[in-house]
Protein chains: 2
Amino acid sequence: MARLAGVSTATVSRTLSRPEKVGAATRARVMQAVAATGYRLNAAARDLRQRRARAITLLAPNLANTYFSRIVAAVQEVAGAAGLRVQLLDSQVESDRLGPVGSDGRTDGILLLDGGLDPEIVRGWTVPVVMVCEWMDALGLPCVGTDNVAAMGLAVDHLADLGHRRIAWIGGPPGNVLSAARAEGFTAAMTRRGLPLRDRDRLTGDFTMASGACAAHLWAATPERATAIACASDESALGFISECDRMGLACPRDVSVAGFDDIDFSERFIPPLTTVHQPRAALGRRAAEQLIAALESGEPPPAGRQILPSRLVVRGSTRAV
Amino acid sequence: MARLAGVSTATVSRTLSRPEKVGAATRARVMQAVAATGYRLNAAARDLRQRRARAITLLAPNLANTYFSRIVAAVQEVAGAAGLRVQLLDSQVESDRLGPVGSDGRTDGILLLDGGLDPEIVRGWTVPVVMVCEWMDALGLPCVGTDNVAAMGLAVDHLADLGHRRIAWIGGPPGNVLSAARAEGFTAAMTRRGLPLRDRDRLTGDFTMASGACAAHLWAATPERATAIACASDESALGFISECDRMGLACPRDVSVAGFDDIDFSERFIPPLTTVHQPRAALGRRAAEQLIAALESGEPPPAGRQILPSRLVVRGSTRAV
DNA sequence: ATGAAAGCGCTAACAA
DNA sequence: TTGTTAGCGCTTTCAT
C-alpha cells in the first residue's frame, strides 16, 4: 500500500494523521492509494505505539438499571465526542476480573459507579479514576455526586410541611454509601422537625420495586401506621404505591409517598411521584469531562467531592394529611 | 523484570499464559519476580500481537432506554464470561464515526441493535455482525429477534376476545422495522378478526411515553372513540394511560390498553399493563453467544433470523367491554 | 525446557 | 518534505 503510492510507511502515517505536514502531490497519491486498496488504519497498533487505549471504562453494579443507563448514555456521548470508546463492566463480577482492568493497557481511565468495591483493588489500578454518585471513604478519590443528606431532607421537610408527623422510611441496601447518606438525611430532618423516629417505621429495602412492595405489607400491618413514606429510591416508592393499590389502599388518599432519583417513569406514574431530582445526565457528563480532562492534561483529576444540585419535585403522590 | 528472574521475556510470557509449559523451578522464580515488581501484562500489546481486540461493540440508538439497557446487561454478562470487553456506541452519532468501528482493529465483532443504519456503512465493516431485535432487509445479516407480527396479533386477539371492536393503534417511529412489523401485525389481526380499520384510529408515535400521552389527546377527541388501544411499545402505552388519567379518564374503566415489550415497570404500573413480553435478556444473551461462537470458530455467524418466543401477559389494563 | 529473533502495524525521532 | 530506523510490549516459531 505504501509502495503502491511509492512512499514510505511513515509518509502514509503522516498523511493520515497530519495531512498538512505532507506535500500536496504526495498527499494526493497517498489518498488515492488508500482509496484503491481500501486501506484501514489499525487503531490498535497506533494505540500501542502511543501507549494509550483511547478508551475509558465504566464500572457499575447492575447495568440493567434505569438509573444507571441514563448516566451511561451521557458518558458515552462525552467520551465519543472526545474520540474515546466506552467500555462497560459490571462491578459485581468476580474481583479477579476487576483487578487487571485498571492496569492492563486497555483503558485510559475509569468511571466508578460502585462505592462497594474492595479498596485494595481500586488502589491497584494505575489509571485515573473518577467516582460517580457513590464514593469510597477509604480512598480520597475524586467524585461527582449530589448532596444526598440535604436532598433527603428536602423530601422530609416537604412531608412535614404537609402536616405529616408519622413518617416512615424505606431505606436502601445496607452497606451502600447512598443508603447511609440518605438514611442520615432522613433521620436528621426528622429530628430537626421534632418528629418521632419510631423503630417500626424504619423499613429496609434495596432500591428495587420488589423491596418497596414488600415494605408496603409491613407498613400496612403497623399499628398507628405512618401517614407518609420517604423512600431512598423512586423504584422502591413505585413498588410501594403499586402494592398498596393491590391491597386496596390508595396513594395519596391513604398515604403520601416521596421518592428519590426522579427516574423517567416517576413523572408518568399514577399518581405522579413526588421525588428528589438527581441530574443523572449531568452527573455522567461532568464525571466524563473530569476524567477526560485529566487524561488530556496528564494531571490527576481534582480530588474531593464535586456536588451537583438536586431539587425537590412535587407531584401528586404527596398531599396534606 | 525478565532479567530479575534471570530468564528471557519469552519464558515470562509462557509462564503467564501456559504455566504448565514451563519448568516448576523457573515458574516459581518468574512468579516471584512478577510479585516483586508488580508486573502487569500489557493486554493491548498481546492483543496486537495476536491480532484480536478481545472486545465486541454494542451499537444501539438511545442507550438511555430501559428497553436496551436490559439487553446490554445480558450481553456484558456473556461477553465478560468469555473474556471479552463490551464497548458501547450510540448508533445515532455521525456516520463517519461509525464507519471505522468495524475495521479499525479495536473490536472483534459487532452487535447491532439499530436497523436504520446506512447499509453501506455496515457493509464496509470487516468483522462479523449480529443484529439484535431489529434487522436490515438490504443485508442478509444474522439476527436474533422475535416474531413481531405474530406477537402483535396476540395483543389484538386478546382485545378482540374481550369484545372490543373499535381498537385504535399507537405505532412506532415511521421507517423503523419494528414499527412496520408491529403495525403489520395489528392490521393483519384486525382484518382476520373482521374488525374495522378506521383511519382516525391509527395514531403514530415513536415508542416514547411522550408520544403516548400525545396520542391520548387525539384519541379522546375522536368521535365514537375506540374502546381499546393496542400500542407498539410499553412506554407509549404507559404514557397514554397516564395522560388519560390526567384528563379524568381511567384505564381500564374507560379504555383498555395493551402494550408491547413488557419492560420492568409495566408490571408495577397502576393498572398493571397487559403487554407482549419480549425476552430481552435472552435476546441479548443469545446474540452475544452467537457472535462469540463465530469469533471462536472463525466461521461467520449463521445467517438468517433466529426467533425467540414472546408471549402475551394479561394484566389489569385490559378488560371486557 | 528455554532462549534468540522476528515481528503484530503503527508512530516518532532523527537524518537527509 | 520525506525516508530510515527504532521501537510500543507482547507472542511465537525455530533452534538449542
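Hydrogens, waters and symmetry mates play no part in the numbers below; they use all other heavy atoms, side chains included. Keep in mind that what you see is a predicted model, and the values were worked out from it rather than measured. So you know, we letter chains A, B, ... as the sequences are listed, proteins then strands, and number each from 1.
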A/Tyr67 and A/Cys133: side chain to side chain contact (heavy atoms under 4.5 Å, CB included), yes or no, with the steps? CA-CA 11 Å; A/Tyr67 181 83; A/Cys133 298; 3.5 Å; yes

Verify salt bridge (charged side-chain N to carboxylate O under 4.0 Å, His left out) between A/Asp90 and A/Arg97, making sure each step is shown before the conclusion. CA-CA 10 Å; A/Asp90 191 314; A/Arg97 282 231 302 271; over 6 Å; no

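A/Arg106 places a side-chain N or O within donor-acceptor distance of the main-chain N or O of B/Ala53, the cut-off being under 3.5 Å.
Separating the CZ atom of B/Arg54 from the P atom of D/dT11 is a distance of 9 Å, rounded to the nearest angstrom. Straight-line distance from the CG atom of B/Asp104 to the C1' atom of C/dC8: 15 Å, rounded to whole Å. Between B/Arg18 atom CZ and C/dA1 atom C1' the separation is 13 Å, expressed in whole Å. Note: OH (B/Tyr39) to P (D/dG9) measures 10 Å, nearest angstrom. Rounded to an integer number of Å, the gap from A/Asp47 CG to C/dC8 P is 18 Å. Atom-to-atom, NZ of A/Lys21 to C1' of C/dA12 comes out at 12 Å; the value is rounded to the nearest Å. With rounding to whole Å, B/Arg29 atom CZ is found 14 Å from C/dA1 atom P.
The side chain of A/Ser8 lies closest to D/dT4, out of D/dT4, C/dG3, D/dC10. For B/Val7, counting side-chain heavy atoms from C-beta on, the closest listed nucleotide (C/dT11, C/dG9, C/dG3) is C/dG3. Of the candidates C/dC8, D/dT11, D/dC14, D/dT11 carries the atom nearest the B/Leu41 side chain, counting heavy atoms from C-beta on. For B/Arg14, counting side-chain heavy atoms from C-beta on, the closest listed nucleotide (D/dT11, D/dT4, D/dC14) is D/dC14. Of the listed nucleotides (D/dT12, C/dA1, C/dG9), C/dG9 has the atom at the smallest distance from the side chain of A/Leu48. Of the listed nucleotides (C/dG9, D/dT11, D/dT4), D/dT11 has the atom at the smallest distance from the side chain of B/Ser13.
Counted within 6.0 Å of CD on A/Glu134, heavy atoms from surrounding residues, nucleotides or ligands total more than 12; the atom is thus considered enclosed. In B/Gln290, the CD atom is crowded: over 12 heavy atoms of neighbouring residues, nucleotides or ligands sit closer than 6.0 Å. Applying the 6.0 Å contact sphere to CD of B/Gln32 captures no more than 12 heavy atoms from other residues, nucleotides or ligands.
Heavy-atom distances to DNA chain C give each of A/Thr9 and B/Val22 a nearest nucleotide, and the one nearer the 5′ end belongs to B/Val22. Nearer the 5' end of DNA chain C, as judged by each residue's closest nucleotide, is the contact made by B/Gly6, out of B/Gly6 and A/Arg46.
Across all strands shown, B/Thr11 has heavy atoms under 4.0 Å from sugar-phosphate atoms exclusively, and none from any base. Among the protein residues, A/Arg27 comes within range of no part of the nucleic acid, since none of its heavy atoms lies under 4.0 Å from any strand. No engagement by A/Val12 is indicated, since no non-hydrogen atom pair under 4.0 Å with the nucleic acid exists. Residue contacts for A/Arg52: at a heavy-atom cut-off of 4.0 Å it reaches no nucleic acid atom on any strand shown.
Here B/Arg49 does not reach the OP1 or OP2 of D/dT12: none of its side-chain N or O atoms lies under 4.0 Å away. Within the structure, a side-chain polar atom (N or O) of A/Gln50 is placed less than 4.0 Å from OP1 or OP2 of C/dA12.
Taken over five-pair windows at either terminus, the axes of the helix from C/dA1-D/dT16 to C/dA16-D/dT1 are inclined to one another by 40° (rounded to 10 degrees).
No donor-acceptor contact under 3.5 Å links the side chain of A/Arg51 to the base of D/dG7.
Side-chain N/O atoms of A/Thr146 and A/Ser310 include no donor and acceptor closer than 3.5 Å.
Each of B/Arg46, B/Arg85, B/Arg54 was scored for a salt bridge (charged side-chain N to carboxylate O under 4.0 Å, His left out) with A/Asp104, with one residue passing: B/Arg85.
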